[in-house]
Amino acid sequence: MAFGFLKKIAQALTGKKSAESQDGAKKKRRRGGRGRGKGGNGQQQQNGGQQQKQKNGQQQKQQQGQQQQGQQKRQQQDRQQQRGDRRQSSRRGDRGRRGPAPVNTAANEMRPGGEISAEELKAREAAHAKWDPASFAVEPVEGKKRFHDFNLPSEVMHGIADLGFKYCTEIQALSLEQALAGKNIAGKAQTGSGKTAAFLVAILTRYLRTPENRAKEGGAPRALVIAPTRELVIQICKDADAIGKYTGLRSLAVYGGMDYDRQRNEVRSAPVDLLVATPGRLLDFVKSHVIDLSHVDTLVIDEADRMLDMGFIPDVRRIMSYLPPKQKRTTMLYSATLNDTVMRLAMNWMEAPYKAEVESETNATDTVKQVVYVIQAKDKFTVLFNHIALHPEARTIVFCNRKSTTEDVYDSLRVRGVSVEMLSGDVNQNKRLKVLDAFRDGEVKIVVATDVAGRGIDVKGLEYVVNFDFPYEAEDYVHRIGRTGRAGSTGIAISFADEYESCQIPEIEEYINEPLKCTVIGPDDPLMKPIPARHTKLGEVDAEAKAEVDAREAAGEEEKAAAAAMVGANAVTGDGKPAILKMDAPERELPKFEHALDPKAPPPDESDIYSKPVEQKEKHEEWQV
């Protein structure tokens, strides 16, 4: 805007005239040469100079006007681009998360957590009309609660029967009684204990008994469930659809990363009884007036400790400002730990909560057989491939620390005939969900994933978790191996300890308060067999090698007893005798997140570990099986 003024300052400092000034002087001289005498020449020069100044001034004003118009146009374009980026980022993920471009579900397919078709609803209604509640009989057992004991509607009992549920877990028995009465609950339960079914059964039952309170229009849900990850949101919505299959109630999931328009249209099109949402996408819809939270009478906050750990609490607080006051709604909060931080949140969001705390004798790692193979970094893929080759039909998830490692492992397995898929930050949300569905259905046996992409994976019958890289944080180790050994089953977690990452073992042992038994893999081990060339297929399983490896990795009686204790069952040993847990087993605390941002203690000095050959030899002998 001040181009002309700055131009003059530059000329004054440099002592140079611009090209325009020099051209103007030449024109003055040419005009003056034709005058009649000295006076006439001076008068013409003066008149020419004034005209040239006027002309230059007009040109400068014209240039300044053009510059102003161009600047205003650029600013307008920038504002439009920013608005477009914000709209695109809201479609791309929660709160404008960076990542791959969204890929929406095909128009002829049901989106994950989406609306059930009218034909399917009619088929379910007809199936329930033919169902006889007497066909679902469960014998009373002392010390156990049956779902029959809560006088649940036949529509809910039909869904429970289809799922094969008979007796309540501890958290279900504690929560159902209070939740059905409309009381606030702060529940503590570990992963796989059935807490999701507890609050879903209560919500569906209450809404079937009070149909008159259902909203007349879309966009105003009665129940709201907030969860930290998209995968967990979709899983909760699937559980709600399974348990409430015959209720006729409408459950929807909203989350970032894909299907923005479809989610918005489905929420608006008809009344919503249960809405499951991630905080970011929910706030986007609330601020754009797609969702009205003023009619919510039941709020569930699932995995509050992970919400705290992942930094979602400020978003949850903003969501609370759109809800009815806590005196006018039922609130349920579930967490793996009810420490002081989580309980302060609970007291802020609900009145006089009932504390449903399950002090289980088992922890998340008790149901998992933990195996650590001591190998060199260059042999890690060899051991992994041979293990998969011996168990090609076993569902396995392989965790890597870095995206590049994930891609290398995936490609190296795929070109050697392994049915494998990859989950990383570069995989778009639609593809991730399809991979997870194929993994759950058994169409894909092996998945290679990073920690972020692997969070929230809940696959029944997952047999192996492989830590190709030891995680950077001990807490992530528990999250990883917790993908297996869930809901009354055992699992096997295999970790590779190489020369670079073995230093993580002491921190993990301290965190889980349990020593990790390490096994040194020798050159003659079946898992050290040379791998085939690229572009080959898996051969036949070596039965003798498989038996040797399985004997080394088999879950023991303690893991079986711990798995049975999670669901209140009675485990037996191989001889048919009752199995009991070790009475002297050390108590271990569940993961806590209130000190997640505190600086880590420096790692122990192990620089002289290889300077003591005698002690190292004894250590290796201790690791031997």
Side-chain angles (χ1 to χ4, degrees), residues 105-140 145-169 172 176 179-180 194 196-215 218 221-223 225 233-253 262 266-267 269-276 298 433-434 436-438 440-443 458-461 487-488 567:
T105 308
N108 59 345
E109 296 180 4
M110 173 186 168
R111 71 172 182 87
E115 189 173 21
I116 306 298
S117 65
E119 294 78 9
E120 175 64 20
L121 292 175
K122 290 181 180 179
R124 293 179 179 183
E125 185 178 357
H128 179 65
K130 299 177 182 178
W131 184 68
D132 182 11
S135 63
F136 182 40
V138 178
E139 294 296 326
K145 276 279 190 180
R146 303 175 303 166
F147 288 96
H148 296 70
D149 299 332
F150 294 99
N151 191 26
L152 302 176
S154 62
E155 294 88 349
V156 177
M157 291 298 293
H158 192 179
I160 291 173
D162 286 356
L163 294 172
F165 297 164
K166 295 182 179 180
Y167 301 98
C168 299
T169 63
Q172 290 171 349
L176 273 175
L180 289 172
T196 303
F199 64 75
L200 288 176
V201 168
I203 291 173
L204 297 174
T205 299
R206 289 175 54 201
Y207 288 178
L208 284 175
R209 292 173 179 173
T210 56
E212 66 278 3
N213 294 333
R214 193 182 196 194
R222 288 187 66 184
V225 180
V233 163
I234 293 170
Q235 183 61 46
I236 292 173
C237 197
K238 286 184 177 180
D239 292 342
D241 181 59
I243 296 173
K245 185 175 181 180
Y246 306 101
T247 61
L249 298 176
R250 193 163 180 257
S251 304
L252 291 177
R262 286 187 66 176
E266 289 179 359
V267 168
S269 63
V272 180
D273 298 288
L274 174 64
L275 183 69
V276 191
T298 305
L433 296 176
K434 287 184 177 180
L436 287 174
D437 287 339
R440 292 188 184 98
D441 296 339
E443 300 173 7
D458 184 10
V459 178
K460 294 181 180 179
V567 292

For the pair [X] (side chain) and [Y] (backbone), establish whether a donor and an acceptor sit closer than 3.5 Å, ignoring hydrogens and angles.
| X | Y | result |
| --- | --- | --- |
| Ser135 | Asp132 | yes |
| Asp273 | Ser251 | no |
| Asp441 | Glu443 | no |
| Thr210 | Glu212 | no |
| Arg250 | Ala270 | yes |

Problem set entry | Check ion pair Arg111-Glu266 (N to O, under 4.0 angstrom) | yes
Holding to salt bridge (Lys or Arg N to Asp or Glu O under 4.0 Å), I want the full list of residues that pass it with [X], two or more places apart in sequence or in another chain.
| X | result |
| --- | --- |
| Glu155 | none |
| Glu120 | Arg124 |
| Asp149 | Arg146 |
| Lys238 | Asp437 |

Exercise. Mind checking whether Phe199 and Val225 have side chains closer than 4.5 Å, heavy atoms only?
Worked result: yes
Taking all atoms of both residues into account, what is the closest heavy-atom pair of [X] and [Y], and its distance?
| X | Y | answer |
| --- | --- | --- |
| Arg262 | Met110 | NH2-CA, 4.2 Å |
| Ile234 | Gly113 | CG2-N, 4.5 Å |
| Leu176 | Ala202 | CD2-N, 3.9 Å |
| Val233 | Ala253 | CG1-CB, 3.7 Å |
| Cys237 | Leu252 | SG-C, 3.7 Å |

For this session: Before giving the answer on side-chain contact (heavy atoms from CB on, under 4.5 Å), spell out for Asn151 and Leu180 the whole-Å C-alpha distance, their side-chain angles and the decisive distance to 0.1 Å.
Result: CA-CA 10 Å; Asn151 191 26; Leu180 289 172; over 6 Å; no
Problem set entry | Contacts of type ring pair (Phe, Tyr, Trp, His ring centres under 6.0 Å), residue Tyr207, not counting sequence neighbours | none
Problem set entry | For His128, all residues meeting ring pair (Phe, Tyr, Trp, His ring centres under 6.0 Å), sequence neighbours excluded | His158, Tyr246
For this session: For Arg222 and Leu274, run side-chain contact (heavy atoms from CB on, under 4.5 Å): C-alpha distance rounded to whole Å, both residues' side-chain angles, the deciding distance at 0.1 Å, then the answer.
Result: CA-CA 6 Å; Arg222 288 187 66 184; Leu274 174 64; over 6 Å; no
List in chain and number order the residues that pass side chain to side chain contact (heavy atoms under 4.5 Å, CB included) with [X], two or more places apart in sequence or in another chain; answer none if no residue qualifies.
| X | answer |
| --- | --- |
| Arg206 | Thr298, Thr330 |
| Ile243 | Val156, Leu163, Ala197, Leu200, Val201, Leu204 |
| Ala137 | none |
| Glu125 | none |

Problem set entry | side-chain contact (heavy atoms from CB on, under 4.5 Å) between Phe147 and Tyr167, worked out | CA-CA 6 Å; Phe147 288 96; Tyr167 301 98; over 6 Å; no
Problem set entry | By side-chain hydrogen bond (donor to acceptor under 3.5 Å, both in side chains) - contacts of Lys145 (at least two apart) | none
Calculate, to the nearest 0.5 Å, the distance between atoms [atom1] and [atom2] belonging to [X] and [Y] respectively.
| X | Y | atom1 | atom2 | result |
| --- | --- | --- | --- | --- |
| Thr247 | Ile203 | OG1 | CD1 | 12.0 Å |
| Leu121 | Lys245 | CG | NZ | 11.5 Å |
| Cys168 | Phe150 | SG | CZ | 4.5 Å |
| Met157 | Thr205 | CE | OG1 | 9.5 Å |

For this session: Go through the steps to decide whether Leu249 and Leu208 satisfy the test side-chain contact (heavy atoms from CB on, under 4.5 Å), and finish with yes or no.
Result: CA-CA 8 Å; Leu249 298 176; Leu208 284 175; 4.3 Å; yes
